[in-house]
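Below is one structure, written out as structure tokens; comments come after it.
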There are 2 protein chains.
Amino acid sequence: MMNWPRLKGMSTAQSLSPSEAPEIPKRGRGRPRKAGDGASRQALIVAAAKHFRRKGFDATTTRDIAQATGMQSGSPFYHFKSKNALLVAIMEEGMRSAQRSQDAVLAALPGDITARDRLAALVLNHLYVLWLPGNDFVPVMHHEWRSVPPAQRKTIQVLKDAYEVPWRDALAQLEDQGLLGTNASLARSMLFGVLHGSMTWFKPKGALRLEQLARECLNALVSEQPRTPGPAGLPPAAFDPETVVREAWRRGGRRNTDTPSPATSPLVLSKQRAA
Amino acid sequence: MMNWPRLKGMSTAQSLSPSEAPEIPKRGRGRPRKAGDGASRQALIVAAAKHFRRKGFDATTTRDIAQATGMQSGSPFYHFKSKNALLVAIMEEGMRSAQRSQDAVLAALPGDITARDRLAALVLNHLYVLWLPGNDFVPVMHHEWRSVPPAQRKTIQVLKDAYEVPWRDALAQLEDQGLLGTNASLARSMLFGVLHGSMTWFKPKGALRLEQLARECLNALVSEQPRTPGPAGLPPAAFDPETVVREAWRRGGRRNTDTPSPATSPLVLSKQRAA
DNA sequence: CCTACCGATCGGTAGG
DNA sequence: CCTACCGATCGGTAGG
């Protein structure tokens with residue numbers, strides 16, 4: 001899957017993941033249809049990822065996947081014991097592939113590079129992981145997380161944590177240099193939010209390419225000059241817009257259960273215009 | 001729905017949305033079970049939103065929703081002509097409610113407030129919209145967008161565009177003041193990415209409350225002092241980490257279709273350790 | 001808004 | 001990996 005190669009002859013079945021071992025296809029026997037090894041399994045993963053990304057996990061039928069792979073409706077269950085196992089396999093392979101490319105990029109970077117440039121490389125690589133054609137695995141992972149059985153979430157979470165280690169390092173350095181508007185941990189969560197959110201609104205056509213998007217994301221979250229440390233901390237005093245919002249909600253809202261609120265607040269009056 | 005009230009006696013059926021008008025419940029006749037008006041319809045919307053958020057649109061059955069509302073399995077279709085119509089109603093009402101609270105907040109703000117503080121109020125209000133209990137509508141809108149029939153997307157898009165107008169204004173001012181690391185349009189998309197992404201990772205327990213999250217988001221994306229306009233533009237020269245990443249992918253990747261790539265690149269060698 | 005129901009589909013399996 | 005199939009469920013409807 002993805003754009004990242006695996007070693008030749010390295011059957012996917014021998015990977016570290018105990019969660020989804022197929023029946024061991026007895027390679028080398030029978031008719032060597034495609035390649036004899038896990039090619040069909042791989043084709044199922046690729047087709048499933050494509051469908052899951054477009055229509056969602058629940059809306060995709062195992063028959064869709066089978067048909068896209070040229071199989072009969074029952075055949076996917078020869079390779080995967082359930083539809084959910086197929087989803088987990090997609091996520092695991094997506095993260096492994098992303099990790100491979102990220103490691104390769106980091107290894108190719110000069111040693112004396114700044115933390116900002118290192119983060120730039122991580123960001124661009126991540127955009128490639130998300131956006132390059134055929135790379136449906138990581139997007140599916142993020143969007144279909146709730147369809148993963150809780151028992152198997154931990155395995156994927158470990159892969160995600162490992163992937164984020166270099167991000168933590170780079171952002172911690174940037175925080176030390178005063179180049180962030182928040183702390184490293186929050187900046188990392190926000191940065192991934194920006195990057196994953198780009199899948200919703202970004203269209204890589206025209207002038208704005210992935211490379212430029214990467215630059216803009218970095219510029220948006222990482223300053224080039226240290227920020228003034230003056231009032232940068234948490235203002236202990238009342239934050240004006242904050243109290244305004246809080247008060248507005250206190251006036252205008254109930255906790256909301258079933259019935260619409262009685263509506264006697266002045267807020268509503270200020271809203272009558274649009275009705 | 002939400003925490004924002006509607007005018008008393010304003011049946012939801014008379015709203016601007018032509019997309020989902022129920023059968024006009026003949027209010028005032030029959031047994032006045034709850035309130036006589038669209039209370040059941042409203043209860044369906046609330047219950048559906050809760051389920052859609054937790055389990056997803058496809059995984060939620062209309063029977064789930066009926067049961068949560070104390071109805072029989074066929075009854076939701078008296079109020080909504082289809083499951084999809086229920087989803088659209090959730091999104092429309094979610095946006096209308098968000099717009100109401102946002103308008104109220106803006107109206108309550110002093111006129112001489114800075115663009116930064118105005119944006120702070122918008123951000124905090126938006127976090128309330130996303131996070132306060134019972135407010136499942138807008139999260140559902142973002143997560144289940146692809147389940148909306150294309151014909152009805154436009155209606156909701158209009159509401160979303162209106163909602164974003166004050167954001168555009170505030171961010172345009174901030175861009176003029178040199179407080180953004182990117183342009184106003186991209187900053188807006190990124191900011192919403194951060195805010196919506198918070199639904200994945202943020203837990204409003206402990207020290208980090210919504211108010212502080214709002215501050216941190218703002219600090220992360222909006223400087224307090226104008227940024228140095230020096231090398232802030234697009235560097236026309238080769239961007240080092242960028243070319244490294246691009247080269248790495250060129251070496252390591254094919255476009256990817258079905259079969260795993262042959263893998264003869266040096267990238268793979270540098271990755272053998274984890275196997 | 002309930003009763004009773006239908007047609008279609010879906011994940012999964014037995015047995016080869 | 002195919003054939004043939006099952007049990008369960010699901011969105012939706014007729015008729016009151």
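Naming: A, B, ... by sequence-line order, numbering from 1 per chain.
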Could you tell me the separation between the [atom1] atom of [X] and the [atom2] atom of [N], rounded to a whole number of Å?
X	N	atom1	atom2	result
Leu44(B)	dG11(D)	CG	C1'	15 Å
Asn84(B)	dC10(D)	CG	C1'	14 Å
Phe57(A)	dC10(C)	CZ	C1'	12 Å
Asp58(A)	dT9(D)	CG	C1'	14 Å
Phe77(A)	dA4(D)	CZ	P	19 Å
His79(A)	dG12(C)	NE2	P	16 Å
Lys55(A)	dC10(C)	NZ	C1'	12 Å
Tyr78(B)	dG12(D)	OH	P	18 Å

Original post:
Which residues within residues 61-72 of chain B lie with some heavy atom under 4.0 Å of an atom in DNA chain D?
Top reply: Thr61(B), Thr62(B), Arg63(B)

Original post:
Would a line drawn from the ring center of Trp201(B) to the ring center of Phe192(A) be shorter than 6.0 Å?
Top reply: no

**OP:** Indicate yes or no for a side-chain donor-acceptor contact from Asp64(A) to the backbone of Thr61(A) under 3.5 Å, with no hydrogens or angles considered.
**Re:** yes

Original post:
Within the side chain of Ser97(B), is there an N or O that forms a donor-acceptor pair under 3.5 Å with the backbone of Gly94(B)?
Top reply: no

Subject >> Which residue lies more 5' along DNA chain D, comparing Ala59(B) with Gly74(B) via nearest heavy atoms >> reply: Ala59(B)

Subject >> Watson-Crick and G-U pairing of DNA chain C written in dot-bracket, each distance under 3.5 angstrom, with | for inter-strand partners >> reply: ||||||||||||||||

Original post:
For the side chain of Ser73(B), counting heavy atoms from C-beta on, which of dC2(C), dA4(C), dC5(D) is nearest?
Top reply: dA4(C)

Parallel, tilted or perpendicular: which describes the rings of [X] and [Y], with under 30° parallel and over 60° perpendicular?
X	Y	answer
His196(B)	His142(B)	tilted
His126(B)	Trp167(B)	perpendicular
Trp249(B)	Tyr128(A)	perpendicular

Subject >> Heavy-atom pair with the smallest gap, counting every atom of Ala162(A) and Gln99(A) >> reply: C-OE1, 3.6 Å

Original post:
If every non-hydrogen atom of His51(A) is compared with every non-hydrogen atom of Ala68(A), which pair is closest and at what distance?
Top reply: CE1-CB, 3.7 Å

Original post:
Would you say a side-chain N or O of Ser40(A) is under 4.0 Å from OP1 or OP2 of dC1(D)?
Top reply: yes

Original post:
If you draw the axis of the six-membered ring of Trp145(B), does the NZ or CZ of Lys160(B) fall within 45° of it and under 6.0 Å from the ring centre?
Top reply: yes

